[in-house]
Every structure is written in structure tokens, then in C-alpha cells.
Amino acid sequence: MRIGDLVQATGVNRRLLRYYEEQGLLHPVRLANGYREYAESDVVAVRAIRTLLAAGLPTAVIARFLHCVHDQDEPMVPRACPTVISHLRQERARITETISRLETSQRELDALLEAALR
């Protein structure tokens with residue numbers, strides 16, 4: 001399928017699909033005329049990429065284990081791929097730390113606002 005077909009199948013615009021290719025997440029075949037040719041498996045990959053991005057994972061992390069991810073009748077993250085679980089745990093810890101820092105910043109801002117409004 002061509003890029004327009006992938007756009008229709010996934011709802012993701014061309015620019016993002018090209019970005020995913022630049023990041024090593026998609027590997028379309030290049031035809032002699034320079035056009036990209038995508039497979040049905042790329043539809044599954046794009047859906048997985050979108051889900052993983054929504055979970056807060058950066059593309060560099062997604063690239064490390066996208067080959068393990070599925071979304072049809074199988075679990076999205078199979079147990080047989082321990083690197084995925086390890087990366088997910090690391091990213092969860094990173095997000096938890098970020099939330100903690102933001103909550104601290106929010107408390108500091110609240111204190112400054114309270115002091116300024118007295």
C-alpha cells in the first residue's frame with residue numbers, strides 16, 4: 001500500500017509516518033520510482049506506536065522493542081519479550097519521578113501565590 005492508504009488505515013498523517021520512518025520505527029520498501037510501499041503489518045505497527053506514545057514512551061525506547069509488540073488477537077506486550085517489560089518499568093519509573101517533581105513545583109507555586117495574595 002502507498003502512504004495515502006496507510007494514512008487512511010491509521011488516521012496518522014503523512015508527516016508523522018515519515019517521522020516514524022526517520023526514527024527507525026517503520027521500514028517501508030522503496031520502489032524504483034522512490035515511492036514508499038507499506039505492508040499490512042505497518043498498519044499494526046502504527047497503531048502500536050500511537051498507543052506506546054500515548055503511554056508516554058519516547059520513540060527511541062519504542063524502537064528498541066517494537067518488533068515484540070502486537071495488537072491483533074494477542075496481548076499488545078507479550079510476556080515472551082522480557083526487554084519490553086523492563087523498558088516499560090523503566091519508563092514508568094521515569095514518569096513517576098517527573099510527576100513527583102511537578103507536584104513539588106506545584107506546591108511551591110501555590111505557596112508563592114498564597115504569599116503574593118496576602
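Only this structure's heavy atoms are used, side chains among them; waters, hydrogens and symmetry mates stay out.
The distance from atom CD of Glu91 to atom OG1 of Thr98, rounded to the nearest 0.5 Å, is 9.5 Å. For the atom pair Leu17 CG and Glu22 CD, the distance stands at 11.5 Å (nearest 0.5 Å). From Leu6, atom CG reaches atom CG of Asp42 across 6.5 Å, with rounding to the nearest 0.5 Å. Separation of atoms CG (Leu57) and CZ (Arg64) is listed at 10.0 Å; rounding is to 0.5 Å. Residue Leu112 holds its CG atom at 13.5 Å from CZ of Arg107, rounded to the nearest 0.5 Å. With rounding to the nearest 0.5 Å, the separation of OG1 in Thr96 from CZ in Arg89 is 13.0 Å.
Two residues are said to be in side-chain contact when any heavy atoms from C-beta on lie closer than 4.5 Å; Arg2 and Arg36 fail this criterion. In this structure, the side chains of Arg30 and Glu37 stay at 4.5 Å or more apart for every pair of heavy atoms. Inter-residue side-chain proximity for Met1 and Val43 is flagged as met; some heavy-atom pair is nearer than 4.5 Å. Between Ile3 and Gln8, the closest side-chain pair of non-hydrogen atoms is not below 4.5 Å. Residues Gln23 and Tyr20 form no side-chain contact, since every pair of their non-hydrogen atoms from C-beta on lies 4.5 Å or further apart. Annotation: side chain of Thr104 is not in contact with side chain of Arg101 (no heavy-atom distance under 4.5 Å). Residues Arg94 and Pro58 form a side-chain contact, since some pair of their non-hydrogen atoms from C-beta on lies under 4.5 Å apart. Contact check for Val29 versus Tyr38: no side-chain heavy atoms found under the 4.5 Å cut-off.
Under the 4.0 Å criterion applied to side-chain N and carboxylate O atoms, Glu21 and Arg18 are not assigned as salt-bridge partners.
Hydrophobic cluster membership is shared by Val46 and Tyr19, with clusters built from Ile, Leu, Val, Met, Phe, Trp and Tyr side chains linked at under 4.5 angstrom.
Shown here is Glu97, whose CD atom has more than 12 heavy atoms of other residues, nucleotides or ligands within 6.0 Å.
Formation of a donor-acceptor pair under 3.5 Å by the Asn13 side chain with backbone atoms of Leu16 is found in this model.
Leu26 approaches Ala45 most closely through the heavy-atom pair CD2-CB, 4.0 Å. Among all heavy-atom pairs drawn from Leu66 and Ala48, the shortest one is CD1-CB, 4.1 Å. The minimum heavy-atom distance between Val84 and Cys68, with the atom names listed, is CG2-CB, 3.5 Å.
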| query | Going through the distances and angles, do Thr59 and Leu25 end up as a side chain to side chain contact (heavy atoms under 4.5 Å, CB included)? | reply | CA-CA 8 Å; Thr59 56; Leu25 302 174; 3.9 Å; yes

